[in-house]
Amino acid sequence: MKRNLIMSLILAAASFLLAGCWDKRELTDLAIVSALGLDITESGQYVGTFQIVIPSNVASGLQGGGGENLPIAVYKAEADNLIDLHGQLSGKISRQPYYAHTNVIVISEKLAAEEGIAAVFDGIDRGIEFRNTTKVVIARGEKAEMVVQTLTGIDKLPSEKIIKMISLNELIQGEHFNTRVHDVIHTLVSPGSEPLISGVSLKGSAEDGNKQENLQSAQLETAPYANGMAVFKKDKLIGWLDDDLARGTTWTMDKLLSTNLNLDWKDQKNAIAFQVSRQQTEVRVDIKHEKPVISIHVQAEGDIMEVKQAISLNDPHVLADIEKEMNKVIEQDILHSVQKVQQYHADVFGFGEAVHRKDPTYWNKVKKTWDDEMFPSLTVQVNAESFVRRTGLRNKSYWSSIDS
Amino acid sequence: MKIIGIALLISLFLFALIFGMDLLLKFDVKTSIAAILTPIQIIGPVEIGLLTIFIFFFFALPLFHEYKKKKNKKKPAE
Amino acid sequence: MEKAKISAFQLFVMIALFEFGSAILIPLAIGAKQDAWLSIVMGMVGGFLLFFIYYRLYLYYPDMLPTGYVQKIIGRIPGKMLAFLYMIYFIYLASRDLRDFGAMLVTSTYPDSPLFVVNALLMLLVIYTLRFGIEVLARTGELLFFLFLLITVSALVLISSSGLIDFRQLQPVLENGFYAVFKTVYMETLYVPFGEAIVFTMIFPYLNERKKLKRVYISAMTLSGLSLAFAMIINVSVLGVDLTSRSQFPILSTIQMIELAEFLERLDVYFLLVLIIGIFFKLSLYFYVAASGIADLFQVKEPSQLIYPMGIIILLSSISIAGSYAEHIEEGLKLATIYVQLPVQVVIPAVLLIIAFFKNKKTKALPA
C-alpha cells in the first residue's frame with residue numbers, strides 16, 4: 001500500500017518535467033513563413049502574401065535533383081491588421097504559420113506612401129515569433145504580392161535571394177543595404193533621424209514570375225532586382241535615392257563597405273577605375289551662431305583596378321595626384337546626395353541625433369522645426385582624404401608601352 | 001622599464017627614418033606625417049582589437065617579467 | 001652575445017635563403033631591361049668585394065659582434081651610437097621585408113584581408129621562433145631549405161616543360177651599352193640583395209668552424225646570386241621585358257603562365273610558399289640581429305625579452321612605412337639604396353676597415 005503511494009507520487013512528480021510541452025508544436029504542423037508581403041487595397045485593407053517554404057523540395061533542390069517541384073507555396077489573405085491576416089489564413093492552409101524564420105518583409109510602395117509603415121510594425125515588434133532582425137524591403141512600382149511570389153534561380157528560396165542580393169550590393173557597390181525591423185523602429189521613434197529602406201523591383205512580367213516556366217530559361221524572364229533606396233519622412237515614403245545618390249548616402253552614414261569610383265584623367269572620361277576597399281566616415285557637429293554646421297570627414301583607401309591610358313602608376317607623385325582628384329569625386333558624390341536628401345526634408349543621415357548628442361539643450365530648442373526648417377538649410381562641409389594603396393599585379397599599364 | 005625605454009627609443013629613431021624617407025621622396029611635411037599615421041587610422045574593429053592587445057602586451061610583458069624577477073630575488077633571501 | 005654555435009652548413013643555408021628572400025619577388029634590376037640578369041651577376045661580384053671588407057674586419061676581431069668592435073675602432077660613445085644606428089637600419093629593413101610579404105599576399109591572393117592582420121600573423125610566427133635564439137632559426141633553415149629546393153626545382157621543370165621559355169627575348173644583349181647595366185648595379189643590385197648580407201657580420205662569430213667561413217659565404221652567395229639571375233632570365237624569357245617591368249611580382253606572373261597537362265595550372269599558391277619561406281628567413285635574420293645587437297649595446301641580460309616589443313615596432317612600421325606599394329618600391333629601390341644602403345654597406349665599413357688597419361698595425365708594432 002505504502003509502496004503504491006510512493007510510486008504514484010513519483011509518477012505525479014514526473015509530470016512536472018513535461019511542463020515545457022504545453023506549448024508543443026510538431027514540425028509537421030508548422031508552415032514556415034519565409035517572406036511576408038504587405039499590400040493595401042483601395043478600401044484601406046491590408047493584403048498579406050505569405051511565402052511558405054516546402055522543406056522537402058528545397059532540400060532536393062540543394063542536392064541537384066530538384067527543379068520539378070516548387071520550393072515555395074504562396075497564400076494570400078485580406079484583413080485590417082496583421083493578427084487578423086494570420087487568422088484569415090487559417091481557413092486556407094493546413095498548417096500553422098510560423099514566423100520565426102521569416103527573412104524578409106516586403107512592403108508595397110503604395111502602402112508605404114499612403115498609409116505609412118508605422119502601423120505595420122507594432123505587431124511584428126510585439127509578437128514573440130517575429131525577429132527584430134528580419135529585413136525590410138519596399139516593393140518599388142510593384143505589388144508586394146508579386147515580389148513575394150516570384151520564383152528565383154540560384155537560391156531556391158526567393159526570400160533568401162532578395163536578402164543576399166542586397167547584402168552583396170552592400171558589400172561590393174554600396175548602393176543598398178539591408179534594413180532590419182529594429183532599424184526601422186529605431187529611426188521612426190528617434191526625432192533626429194528617418195528610415196531608409198532598400199527597394200526591390202521586378203523585371204519582366206510580374207504575373208508570370210510564380211510559374212515553373214520562369215525557371216526554365218537561362219536568363220530568367222521575371223526576377224527581382226535591387227532598385228534604389230526609399231526615403232521616409234516620419235513613416236511615409238516620400239521619394240527615392242538611386243545609384244550615386246544612394247551611395248553618397250550610405251557613405252555619409254558610414255555604412256559603405258566597398259565601392260567603385262570612376263575618375264576622369266587628362267580630358268578622358270572615366271579613365272581610372274578605383275575600388276574603395278575600406279573607408280571611415282565621421283560626422284562632426286559644430287554649433288556656430290546658433291546654427292549647426294555639419295562637417296563630414298571621409299577617409300577612404302583602396303586599389304586602382306583599371307586604367308584606360310598611359311599613367312605611371314609606379315610614381316608615388318602621380319598616385320598623390322590621383323588621390324587629390326579622387327577626393328574631389330568623393331566630396332561631390334557625398335555633397336550631391338546630402339543636397340538631394342535635404343530637398344526631401346527627411347533627415348535619413350541622423351544629423352539630428354548627432355546634434356542631440358552634441359548639445360541637448362540646443363536640440364530641445366530646434367527639435368520641433370528640425371525636419372522642415374533646420375535640416376534643409378543646414379550648412380554641410382565635406383572633406384575627403386583618399387589613399388591609393390595598391391595597383392594590382394601591374395604598376396604601369398600596357399598603355400604606356402602602346403603609346404610610346 | 002628598461003626594455004620599454006629601449007623599445008620607445010628604437011621607435012623614435014625608426015619613425016624618424018621613415019619620415020625622412022618620405023621627405024626625400026619630395027613629399028611635403030604634412031603629407032609625410034599623414035603617410036605615417038593614416039595606415040593605422042583607417043582600420044576595422046578586428047584590427048583595432050588586435051592592435052590593442054598587441055600594445056597592451058607591449059607594456060605588460062616587460063613589466064610582468066620585472067615583477068617576476070623581483071619576486072624570485074626575494075625568495076632566496078628568506 | 002648569445003652562447004650559441006651554428007655549423008657551416010647552417011650558415012650556408014641561412015645566407016642562401018636570405019639572399020633569395022624578397023629579392024626573388026621584386027622586378028630586380030629591371031632598369032637594365034633584358035640585361036637584368038647581367039646586372040644581378042655583376043651585383044653578386046660586387047657583393048664578394050664587400051664581403052672582403054667585412055671579412056677583414058671580422059678577422060681583426062673574430063670573437064666580437066660588430067656592435068662590440070666598432071666601439072674598439074672608433075671609441076666607446078661614437079661606436080655605440082654608430083652601432084645603434086646600424087640596428088635601426090636592420091629594423092628598417094626588417095619592416096620593409098614584412099611589408100613586401102604583406103603586399104605580396106594582399107595583392108595576389110587575399111585582396112580583402114587587411115594588411116595589418118596578414119603582417120601580424122607572420123610577425124607572431126617570427127617572434128615565436130626568435131624567442132629561442134639563433135640556433136633554432138638555423139635549424140629551421142636547414143629544414144625549410146630542402147622544401148625550398150624542391151619547390152624551386154619543380155617550378156623550373158614545370159616552366160621549361162610548358163614550353164614557355166623563349167630565350168630570344170633576352171636579345172639583344174647590352175642593347176643600351178654597358179653603362180646602362182653598370183648603372184643598375186651601383187644603383188640597385190649591389191645593395192639589394194647582395195650588400196644586405198652585411199647583416200651576417202653579426203652572425204659570423206657564432207660559426208663553429210671559422211676556417212670555412214670564406215668558402216661557405218662565397219659558395220652561398222654564388223648559389224643564390226646565380227639562381228636570382230637565372231630567375232630573372234626565366235622571367236624575361238617567359239614574360240618579355242615589357243611585362244616583366246610592368247609586373248609588381250614578375251615571378252608570380254611567370255608562374256601563372258604555367259599550363260601543363262590540362263591540370264597543372266593556377267599553381268601560384270603553391271609557389272607562394274617559396275616566397276613566404278624566403279621572406280620569413282630574411283625578416284627573422286634582420287630581426288634577430290637587431291635584437292641581439294640592441295641587447296649587446298644596452299647590456300640587456302635576457303635578449304629574448306626584447307623580441308616581443310621590437311616585433312610590435314616592426315609590425316607597426318611595416319604598415320606605415322609607405323602609403324602605397326608603389327611608394328614602398330620607389331623608396332626601396334631608388335632612395336634607400338643611395339641614401340641609406342650605400343653609406344651603411346660600403347662607405348662606413350670601408351672607413352672602419354682603414355681605421356682598424358692602422359690601429360692594429362700600431363698595436364702590433366708595440367711590444368706585447
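First the proteins, then the strands, lettered A, B, ... as listed; each starts at 1. Here the structure is a predicted model, which is why all the values come from computation and not from measurement.
Heavy atoms of B:L51 lying under 4.5 Å from chain C belong to its backbone as well as its side chain. For C:S95, the part lying near chain B is the side chain, with the backbone staying farther off; criterion is any non-hydrogen pair under 4.5 Å. Of the two parts of B:F15, only the side chain, counted from C-beta on, holds a non-hydrogen atom closer than 4.5 Å to a non-hydrogen atom of chain C. Looking at C:L115, neither its backbone nor its side chain comes within 4.5 Å of chain B, counting heavy atoms on both sides. When heavy atoms are compared at a cutoff of 4.5 Å, C:L297 does not approach chain B at all. Proximity to chain B (any heavy atom under 4.5 Å) is shown, for C:L335, by both the backbone and the side chain. Contact annotation for B:L17: only side-chain heavy atoms (C-beta onward) come within less than 4.5 Å of a heavy atom of chain C. Only the side chain of C:L124 comes within less than 4.5 Å of a heavy atom of chain B; its backbone N, CA, C and O stay farther away.
For the pair C:L65/C:P205, a side-chain contact is recorded, criterion being any heavy-atom separation below 4.5 Å from C-beta on.
Chosen from C:A120, C:P309, C:G323, the residue pairing most often with chain B at heavy-atom distances under 4.5 Å is C:P309. With chain C as partner, the option from B:L24, B:L61, B:I55 having the largest number of non-hydrogen pairs under 4.5 angstrom is B:L24. Interface check for chain C: of the options B:L14, B:L9, B:I36, the most heavy-atom pairs under 4.5 Å are formed by B:L14.
With sequence neighbours left out, the side chain to side chain contact (heavy atoms under 4.5 Å, CB included) criterion links C:A290 to C:F90, C:I91, C:M310. For C:P303, the side chain to side chain contact (heavy atoms under 4.5 Å, CB included) test picks out C:A295, with sequence neighbours left out.
The aromatic rings of B:F57 and C:Y308 sit perpendicular to each other, their planes meeting at more than 60°, with 30° as the lower class boundary.
The shortest non-hydrogen separation linking C:I338 to C:P343 is O-CD, 3.4 Å. Between C:T67 and C:A83, the shortest heavy-atom distance links the atoms CG2-CB, 3.9 Å.
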Evaluate the criterion side chain to side chain contact (heavy atoms under 4.5 Å, CB included) for residue pair C:L190 and C:Q341; output intermediate values, then yes/no. CA-CA 9 Å; C:L190 178 60; C:Q341 314 256 46; over 6 Å; no
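Under a cut-off of 6.0 angstrom, the local environment of NZ in B:K69 is sparse, with at most 12 non-hydrogen atoms contributed by other residues, nucleotides or ligands.
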